Amino acid sequence: MVLRKDFMTKKLIRRLIDFSDDIESDRPYGRVKMVAFLVHKNKIISFGVNTEKTSLYQHRARKRSNVSDTDFIYDKTHAEIAALKKIHPSFNDWQNTEIIVISKKKDGSFRLARPCPICSKAISDLGIKKIYYTNSFGGITKETFIKGDFR
């Protein structure tokens, strides 16, 4: 059995947090801001931010999950989905790809950014195994998914 190396290093996580601050400061968005980065072999290949806009990709991801269509918050594009939909369809090295989701309060402290069931399903269905997200205790939480198994 070959163990896969984690590509997400503390140094890279710190750079991504700083980068997310720069992205957030440029967005005139009054609600909670979240930024998701896709990292492939220690390189950023995509990032996304949550928006008030809806997207067909988000809608399809919701249909594949067990989330009710009546949950209005899931109609908005989530940062994870925004990052995933930017990747070219020919990309297929998902097992060497990791995702980190960052969210901060206005005072600069972290808030919980664990992906919702829709985003978790989309992430695990692609075969991404490692996901990192900010927690409300001021740190980063790491979870490992088995394809098709989330939460």
Side-chain angles (χ1 to χ4, degrees), residues 1-27 29-52 55 57-58 60-62 64-68 71-87 91-151:
M1 176 181 199
V2 177
L3 296 176
R4 189 174 71 84
K5 177 186 171 193
D6 286 343
F7 295 107
M8 198 76 67
T9 62
K10 287 181 181 181
K11 183 178 178 182
L12 178 59
I13 289 172
R14 172 58 29 214
R15 281 186 22 223
L16 294 174
I17 290 169
D18 291 343
F19 188 35
S20 74
D21 289 340
D22 294 340
I23 292 169
E24 289 179 347
S25 66
D26 291 342
R27 294 186 69 225
Y29 186 65
R31 294 183 179 254
V32 173
K33 293 171 268 185
M34 297 180 79
V35 182
F37 294 96
L38 287 173
V39 177
H40 180 261
K41 296 183 178 179
N42 214 25
K43 294 181 181 170
I44 301 169
I45 59 171
S46 178
F47 76 93
V49 293
N50 59 326
T51 68
E52 287 289 318
S55 78
Y57 197 103
Q58 181 79 35
R60 288 180 181 150
R62 185 180 64 226
R64 286 191 307 272
S65 71
N66 294 326
V67 175
S68 168
D71 295 334
F72 76 94
I73 193 156
Y74 296 121
D75 290 337
K76 311 299 182 195
T77 302
H78 297 194
E80 302 92 314
I81 298 297
L84 290 172
K85 75 179 192 176
K86 290 180 181 178
I87 300 296
F91 181 80
N92 63 359
D93 193 16
W94 295 108
Q95 67 274 7
N96 289 315
T97 303
E98 298 169 332
I99 188 167
I100 183 169
V101 187
I102 301 166
S103 183
K104 286 187 175 182
K105 298 177 186 174
K106 289 187 179 188
D107 67 5
S109 62
F110 288 141
R111 64 182 298 280
L112 183 63
R114 186 175 193 208
C116 71
I118 294 169
C119 296
S120 294
K121 177 103 172 105
I123 291 165
S124 66
D125 283 353
L126 287 171
I128 297 173
K129 294 183 170 102
K130 305 267 191 230
I131 183 163
Y132 302 78
Y133 54 88
T134 56
N135 59 47
S136 54
F137 303 109
I140 302 289
T141 301
K142 173 184 159 186
E143 287 189 27
T144 303
F145 291 117
I146 299 170
K147 188 171 183 172
D149 180 28
F150 65 100
R151 299 233 169 223

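Source: prediction; values computed, not measured. Just so you know, these numbers use all the heavy atoms, side chains as well, and skip hydrogens, waters and symmetry mates.
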Considering residues at least two apart in sequence or located in another chain, which fulfil the salt bridge (Lys or Arg N to Asp or Glu O under 4.0 Å) criterion with Arg14?
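With sequence neighbours excluded, Arg14 shows a salt bridge (Lys or Arg N to Asp or Glu O under 4.0 Å) to Asp18, given in chain and number order.
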Identify the heavy atoms of [X] and [Y] that sit nearest to each other, and give their distance.
| X | Y | answer |
| --- | --- | --- |
| Ala83 | Gly48 | CB-N, 3.6 Å |
| Ala82 | Val49 | CB-O, 3.7 Å |
| Asn135 | Phe110 | O-CB, 3.3 Å |
| Lys41 | Asp93 | CE-OD2, 3.8 Å |
| Ile99 | Ile123 | CD1-CD1, 4.0 Å |

Non-hydrogen side-chain atoms of [X] and [Y] separated by less than 4.5 Å:
| X | Y | value |
| --- | --- | --- |
| Leu126 | Thr97 | no |
| Phe47 | Ser20 | no |
| Lys142 | Lys130 | yes |
| Ile140 | Thr134 | yes |
| Lys104 | Asp21 | yes |
| Ile102 | Phe19 | no |

Distance check, rounded to the nearest 0.5 Å: [X] atom [atom1] versus [Y] atom [atom2]?
| X | Y | atom1 | atom2 | result |
| --- | --- | --- | --- | --- |
| Thr77 | Asn50 | OG1 | CG | 9.0 Å |
| Ser120 | Ile131 | OG | CD1 | 6.0 Å |
| Cys119 | Arg114 | SG | CZ | 12.5 Å |
| His78 | Ser55 | NE2 | OG | 9.5 Å |
| Lys121 | Ser65 | NZ | OG | 8.0 Å |
| Thr141 | Ile100 | OG1 | CD1 | 10.0 Å |

Output all residues satisfying side-chain hydrogen bond (donor to acceptor under 3.5 Å, both in side chains) with Arg60, sequence neighbours left out; order by chain, then residue number.
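Per chain and number, Arg60 pairs via side-chain hydrogen bond (donor to acceptor under 3.5 Å, both in side chains) with no residue.
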Please identify each residue that fulfils side-chain contact (heavy atoms from CB on, under 4.5 Å) with Ser109, with sequence neighbours left out.
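Applying side-chain contact (heavy atoms from CB on, under 4.5 Å) to Ser109 gives Lys105, Asp107.
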List for me each residue that meets side-chain contact (heavy atoms from CB on, under 4.5 Å) alongside Ala79, sequence neighbours excluded, and say none if there are none.
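So Ala79 forms a side-chain contact (heavy atoms from CB on, under 4.5 Å) with Met34, Ala36.
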Counterpart residues, ring-ring contact (aromatic ring centres under 6.0 Å, His included), relative to Phe91 (two or more places apart):
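Applying ring-ring contact (aromatic ring centres under 6.0 Å, His included) to Phe91 gives His40, Trp94.
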